[in-house]
**Q** 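The structure's right below; bear with me while I get my questions together.
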Amino acid sequence: MKGWWGRILRVDLTNNKIWVQEYSPEIAQQFIGGRGLAVKILWDEVKGVDPLGPENKLVIAAGPFNGLPTPSGGKLVVAAKSPLTGGYGDGNLGTMATVHLRKAGYDAIVVEGKAKKPVYLYVEDDNVSILSAEGLWGLDTFETEKELKKIHGKNVGILSIGPGGENLVRYAVIMSQEGRAGGRPGIGAVMGSKKLKAIVIKGTKEIPVADKEKLRELSKQAYDEILSKPTYDFWHRQGTMAAVEWTNENSALPTYNFADGSFEFARSIDGYTLEGMKVKQRGCPYCNMPCGNVVLDAEGQESELDYENVALLGSNLGIGQLNKVSVLNRLADMYGLDTISLGGSIAFVMEATEKGLIKDGVEFGDFKGARQLVEDIAFRRGELGNFAAEGVMRMAQKLGDDSFAMHVKGLEVSGYNCFIYPAMALAFATSSIGAHHKEAWVIAWEIGTAPIEGEQAKKVEYKITYTPEKAAKVIELQRLRGGLFEMLTACRLPWIELGLDINYYPKLLEAITGVKYTWDDLYKAADRVYALIRAYWVREFGGKWDRKMDYPPKRWFIEGLKSGPYKGQHLDVDKYDALLSEYYKMRGWDERGIPKKETLKELGLDFVIPELEKVTTLE
Ligand code: PTT
Ligand code: SF4
């Protein structure tokens with residue numbers, strides 16, 4: 001095989017066993033890599049287990065783009081059965097670990113079992129060892145990387161967890177390079193449950209490529225095209241932070257636990273405020289449009305900001321000073337907590353406090369209280385810290401009130417408030433890991449403007465509609481964002497933010513692997529992955545699977561926006577339900593949202609049918 005090694009590094013921490021598993025060219029071609037490979041492994045091997053038990057498997061999966069000079073191709077998928085949702089969970093982070101993994105001669109690492117004492121994995125090409133991490137346990141992710149670099153040198157890729165993962169916070173992430181985070185649905189907690197503190201990788205091999213010259217030529221063209229884009233300068237200045245002003249203007253900025261869509265202090269946490277505070281810029285490997293904007297926070301420390309982090313830890317908590325929001329963001333990175341779920345969980349506590357459902361809680365706008373709560377969550381200290389470490393769904397169940405619980409399938413909603421955006425609500429509701437925008441950021445298309453300079457201030461005539469076209473658009477984006485980019489694996493931002501020609505991707509894939517993929521082939525691969533992820537959820541939930549699992553949070557149906565031109569407006573439940581049916585029909589899924597037999601067969605997923613028939617009937 002060219003482009004793929006066809007080799008997976010396997011590690012069993014219970015039995016201290018390390019081996020290499022080979023996989024076939026057919027699997028490589030059908031599932032491509034990253035998320036595709038991860039879901040195939042989890043479907044085959046992780047059934048009905050406790051996500052925090054030794055039987056769960058942590059999959060670290062690269063794709064054919066990684067370790068090679070492809071535009072923004074320094075990404076890596078981390079996946080497992082999620083301790084937050086109980087379904088399929090994954091995340092994607094930019095890291096040198098993906099470069100070294102592939103150069104070490106593997107496409108993926110799968111870790112199973114549980115070590116007796118804290119350990120870390122050291123991979124140097126074919127030499128792999130499980131080493132003691134007793135001296136590292138308890139350190140934050142910044143300190144952990146520093147210590148590991150003292151031992152193994154700077155030329156390594158490192159993935160690590162902080163106290164959040166160690167203490168099994170259900171939304172703990174895996175961190176790298178002091179500002180890259182991945183695995184929102186608690187993949188860091190899965191790593192912690194195995195007593196695995198870190199993975200350190202050093203690779204020195206040459207990755208086999210089908211047509212090196214073509215790859216070099218195409219990459220150069222794409223890199224040059226990125227630099228020549230008219231939006232490059234604005235992107236370089238603000239990155240994802242440009243979205244604060246844009247969502248605020250369009251009543252979509254999460255504010256006070258998503259009670260409203262615009263924030264009175266939005267200006268002081270937006271991209272322009274960031275520009276005035278920026279001290280440096282970081283990025284992922286092989287990226288020439290770096291977007292990691294680093295500022296000095298209110299405690300004088302460096303903090304790397306992104307839109308989601310600021311929306312969820314800023315306006316959503318009623319905190320309107322960017323230097324303070326930056327403190328919460330840095331702590332999340334140090335402790336290895338997902339900023340989105342952390343912000344969602346703290347906001348839930350704040351609203352529960354306001355409603356009198358929690359005594360001695362934290363008020364909206366209380367930075368000190370929020371800061372303390374972040375620490376208490378990471379270390380699971382005290383009743384409140386422990387409670388909030390469980391995430392919004394479990395807190396709401398405990399309080400017996402889900403009217404303000406902002407999650408889908410247990411994953412907290414990311415930074416888009418959807419009282420007036422049915423397509424975006426559908427995207428959250430049908431995303432394959434819970435309420436995450438990564439697979440279909442359809443809101444820009446739905447509004448008709450994007451967060452770029454000039455466009456932001458543009459006023460648009462917007463009317464709430466539920467046309468079938470919206471379901472089709474969600475699927476189109478899910479195929480590209482949740483399918484193509486997660487399988488390659490490559491950052492989608494050159495295409496989304498700067499408009500890099502999407503046709504580079506199949507061409508690059510062909511140059512790397514020698515396999516010619518048409519767009520139909522790529523869409524089919526994406527649909528295969530999507531259907532397999534859906535089948536995974538249905539199998540894990542058995543008889544409890546229900547169409548209502550594809551509903552957005554109640555709040556968007558029962559309340560209206562509190563202010564702005566769309567004041568009082570909200571989603572209509574019947575119209576949403578009809579849109580969901582359209583979506584199912586287009587996907588070849590039945591009215592419960594379960595792929596039909598015919599669909600599974602068409603996608604080459606025949607092996608799924610007997611497994612699913614053990615838990616439900618299939619159409
Ligand atoms: C991603 C989610 C996002 S999406 C953000 S900000 W965003 C949050 N970032 C966090 C963070 O930072 N620290 C932290 N402790 N928790 C965080 N949780 C949140 O995680 C990120 C960029 C961004 S910034 C986005 S949109 C794009 N996401 C991509 C993706 O998902 N796939 C892909 N092929 N390319 C992508 N490119 C962009 O990457 P999850 P990163 Mg991230 C500090 O992890 O679980 O996927 O959730 O990867 O290297 O940090 O880059 O406005
Ligand atoms: Fe990483 Fe940003 Fe570059 Fe994407 S655009 S690869 S997230 S630095």
Side-chain angles (χ1 to χ4, degrees), residues 34-35 63 65-66 70-79 82 84 89-98 141 161-162 164-165 171-188 226 232 235-236 239-244 247 281-294 303-313 326 328-344 374 378 411-412 414-416 431 433-434 436-439 441 451 480-498 500:
R35 163 178 268 188
F65 270 41
N66 306 134
T70 50
S72 307
K75 291 279 182 179
L76 181 67
V77 167
V78 294
S82 161
L84 189 63
D90 74 10
N92 189 312
L93 72 162
T95 167
M96 280 305 291
T98 195
T141 62
I161 55 164
Y171 43 86
V173 284
I174 296 178
M175 292 292 307
S176 193
Q177 300 169 197
E178 299 192 2
R180 322 309 309 178
R184 290 197 56 211
I187 312 305
I226 288 170
Y232 186 91
W235 171 257
H236 201 254
T240 58
M241 284 286 288
V244 176
T247 47
Q281 193 128 35
R282 289 198 289 241
C284 307
Y286 295 123
C287 178
N288 70 340
M289 45 176 281
C291 67
N293 290 308
V294 181
S303 178
E304 188 176 323
L305 297 178
D306 264 305
Y307 166 70
E308 304 292 327
N309 310 345
V310 171
L312 273 298
L313 294 169
S326 304
L328 305 180
N329 175 66
R330 170 177 50 85
L331 292 176
D333 284 350
M334 288 168 66
Y335 296 146
L337 300 172
D338 172 44
T339 48
I340 299 171
S341 291
L342 178 68
V374 174
L411 186 73
E412 288 73 15
S414 60
Y416 306 91
S431 144
I433 58 168
H436 198 18
H437 61 281
K438 68 188 284 165
E439 291 167 9
W441 186 65
L480 293 172
R481 295 169 59 113
L484 179 68
F485 286 99
E486 296 308 307
M487 292 188 286
L488 291 178
T489 62
C491 180
R492 56 178 187 250
L493 299 182
W495 164 62
I496 293 166
E497 302 290 349
L498 301 191
L500 179 69

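Both counts, for ligands and for their atoms, begin at 1 and track the order of listing.
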**Q** Which residue owns the protein heavy atom closest to atom 17 (C) of ligand 1, what's the atom, and how far is it?
**A**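 Scanning the protein heavy atoms, the shortest distance from atom 17 (C) of ligand 1 goes to Thr339 OG1, 3.0 Å.
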
**Q** Show the nearest heavy-atom pair for residues Glu178 and Arg282, with the distance to one decimal.
**A** O-NH2, 3.1 Å

**Q** Which of the numbered atoms in ligand 1 are under 4.0 angstrom from any heavy atom belonging to Ala490?
**A**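 Answer, ordered by atom number: 33 (C), 34 (N), 35 (N).
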
**Q** Restricting to non-hydrogen atoms, name the atom on Glu304 and the atom on Asn309 that form the minimum distance, rounded to 0.1 Å.
**A**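 That would be O-ND2, 3.9 Å.
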
**Q** Give the single entry among Asp333, Asp338, Leu342 that approaches atom 19 (C) of ligand 1 most closely by any heavy atom.
**A**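 Of the listed residues, Asp338 has the closest heavy atom.
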
**Q** Strictly by modelled atom types, are Tyr232 and Glu497 linked by a side-chain donor-acceptor pair under 3.5 Å?
**A** no

**Q** Indicate, as side chain, backbone, both or neither, the part of Cys491 found under 4.0 angstrom from ligand 2 when only non-hydrogen atoms are considered.
**A**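 The part of Cys491 near ligand 2 is the side chain, not the backbone.
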
**Q** Look at the side chain of Ser82 and the backbone N and O of Gly89, then say whether any donor-acceptor pair between them is shorter than 3.5 Å.
**A**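 No; zero donor-acceptor contacts below 3.5 Å.
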
**Q** Give a yes/no verdict on whether any heavy atom in Pro290 is under 4.0 Å from an atom of ligand 2.
**A**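 Under 4.0 Å: yes for Pro290.
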
**Q** Numbering the atoms of ligand 2 from 1, which are under 4.0 Å from a heavy atom of Arg180?
**A** 1 (Fe), 7 (S)

**Q** Shortest non-hydrogen contact from Ala97 to Thr95?
**A**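 Between these two residues, the closest heavy atoms are N-OG1, 2.8 Å.
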
**Q** With heavy-atom distances below 4.0 Å as the criterion, list the atoms of ligand 1 near His437.
**A**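 That gives atoms 4 (S), 26 (S) of ligand 1.
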
**Q** Check the side chains of Ser326 and Ser303 for a donor-acceptor pair under 3.5 angstrom, ignoring hydrogens and angles.
**A**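 No - no donor-acceptor pair under 3.5 Å links their side chains.
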
**Q** Where does Leu337 meet ligand 1, judged by heavy-atom distances below 4.0 Å: at the side chain, the backbone, both, or neither?
**A** backbone

**Q** For atom 25 (C) of ligand 1, state which one of Arg492, Glu308, Arg184, Gln177 supplies the nearest heavy atom.
**A** Arg492

**Q** Would you find a donor on one side and an acceptor on the other, under 3.5 Å apart, between the side chain of Thr70 and the backbone of Phe65?
**A**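 Yes; judged by distance alone, with no hydrogens or angles, the pair exists.
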
**Q** Under 2.8 Å from atom 3 (Fe) of ligand 2 - does any N, O or S atom of Cys287 fall there?
**A** yes

**Q** Taking only heavy atoms of Cys284, which atoms of ligand 2 are found under 4.0 Å from at least one of them?
**A** 1 (Fe), 6 (S), 7 (S), 8 (S)

**Q** Which heavy atom of the protein is the closest neighbour of atom 9 (N) of ligand 1, given with residue, atom name and distance?
**A**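 I find the closest protein heavy atom is Asn309 OD1, 3.2 Å.
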
**Q** Can an N, O or S atom be found in Cys291 less than 2.8 Å away from atom 2 (Fe) of ligand 2?
**A** yes

**Q** With a 4.0 Å cut-off on heavy atoms, is Arg481 in contact with ligand 1?
**A**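 Flag not set, Arg481 not near ligand 1.
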
**Q** Just which atoms of ligand 1 are under 4.0 Å from any heavy atom in Gly91?
**A** 40 (P), 45 (O), 46 (O)

**Q** Side-chain contact, heavy-atom cut-off 4.5 Å: Pro71 with Asn288?
**A**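 SC-SC contact between Pro71 and Asn288 ruled out.
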
**Q** Which of the numbered atoms in ligand 1 are below 4.0 angstrom from a heavy atom of Gly182?
**A**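 Listed by number with element: 44 (O), 45 (O).
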
**Q** Does any N or O in the side chain of Thr240 come within less than 3.5 Å of the main-chain N or O of Tyr307, such that one atom is a donor and the other an acceptor?
**A** yes

**Q** Could you tell me the residue and atom name of the protein heavy atom closest to atom 45 (O) of ligand 1, and the distance to it rounded to 0.1 Å?
**A** Gly183 N, 2.8 Å

**Q** Atom 5 (S) of ligand 2: which protein heavy atom is closest, and how many Å away?
**A** Met289 O, 3.6 Å

**Q** Of the side chain and backbone of Arg180, name the one, both, or neither that has a heavy atom under 4.0 Å from an atom of ligand 1.
**A** both

**Q** Tell me the contacting part of Asp306 for ligand 1: side chain, backbone, both, or neither, using a 4.0 Å heavy-atom threshold, strictly below.
**A** side chain

**Q** Just to be sure I'm reading this right: ignoring hydrogens, which of His436, Lys438, Lys75 gets closest to atom 2 (C) of ligand 1? Compare them by their nearest heavy atoms.
**A** His436

**Q** Taking heavy atoms and a distance under 4.0 Å, where does Arg492 meet ligand 2: side chain, backbone, both or neither?
**A**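 No part of Arg492 comes within reach of ligand 2.
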
**Q** Does Glu308 use its side chain to pair, donor to acceptor, with the backbone of Gly415 at less than 3.5 Å?
**A**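 A pair under 3.5 Å: yes.
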
**Q** Using modelled atom types only, decide if a donor and an acceptor are shared between the side chain of Thr141 and the backbone of Asp333 within a distance under 3.5 Å.
**A**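 Yes: the side chain of Thr141 pairs with the backbone of Asp333.
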
**Q** Just let me know how Thr95 lines up against ligand 1, side chain, backbone, both or neither, with a heavy-atom cut-off below 4.0 Å.
**A**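 Within the 4.0 Å criterion, Thr95 makes no contact with ligand 1.
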
**Q** Could you check atom 48 (O) of ligand 1 against the protein and tell me its nearest heavy-atom contact, residue, atom and distance included?
**A** Asn92 O, 2.7 Å

**Q** Quick check: does any side chain N or O of Gln281 sit under 3.5 Å from a backbone N or O of His236, one acting as donor and the other as acceptor?
**A** yes

**Q** Could you tell me which non-hydrogen atom of Met289 sits nearest to which non-hydrogen atom of Ser72, and how far apart they are?
**A**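 Looks like CG-OG, 4.2 Å.
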
**Q** Considering heavy atoms of the protein only, find what lies nearest to atom 44 (O) of ligand 1 and give residue, atom and distance to 0.1 Å.
**A** Ala181 O, 2.7 Å

**Q** Can you tell me if Lys75 has a non-hydrogen atom under 4.0 Å from ligand 2?
**A**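 Right, Lys75 reaches ligand 2.
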
**Q** Ignoring hydrogens and geometry, is there a side-chain-to-backbone donor-acceptor pair from Thr339 to Asn329 under 3.5 Å?
**A** no

**Q** Considering only the protein, which heavy-atom contact is closest to atom 33 (C) of ligand 1, and what is its distance?
**A** Glu486 OE2, 3.2 Å

**Q** Between Ser414 and His437, does any side-chain donor sit less than 3.5 Å from a side-chain acceptor?
**A**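 There is such a pair (donor and acceptor under 3.5 Å, judged by atom type) between the side chains of Ser414 and His437.
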
**Q** Got the closest protein heavy atom to atom 37 (N) of ligand 1, with its distance?
**A**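 Protein heavy atom with the smallest distance to atom 37 (N) of ligand 1: Cys491 SG, 3.2 Å.
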
**Q** When you measure from the heavy atoms of Gly239 to every atom of ligand 1, does any distance fall below 4.0 Å?
**A**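 No, that is not the case, since the closest heavy atom of the residue is not under 4.0 Å from the ligand.
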
**Q** In terms of residue, atom name and distance, what is the protein heavy atom nearest to atom 23 (C) of ligand 1?
**A** Leu493 CD1, 4.6 Å

**Q** Between Asn66 and Thr489, is any side-chain donor less than 3.5 angstrom from a side-chain acceptor?
**A**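 Distance-only check passes for Asn66 and Thr489.
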
**Q** Applying side-chain contact (heavy atoms from CB on, under 4.5 Å), run through Arg184 and Glu412 and close with a yes or a no.
**A** CA-CA 9 Å; Arg184 290 197 56 211; Glu412 288 73 15; 4.0 Å; yes

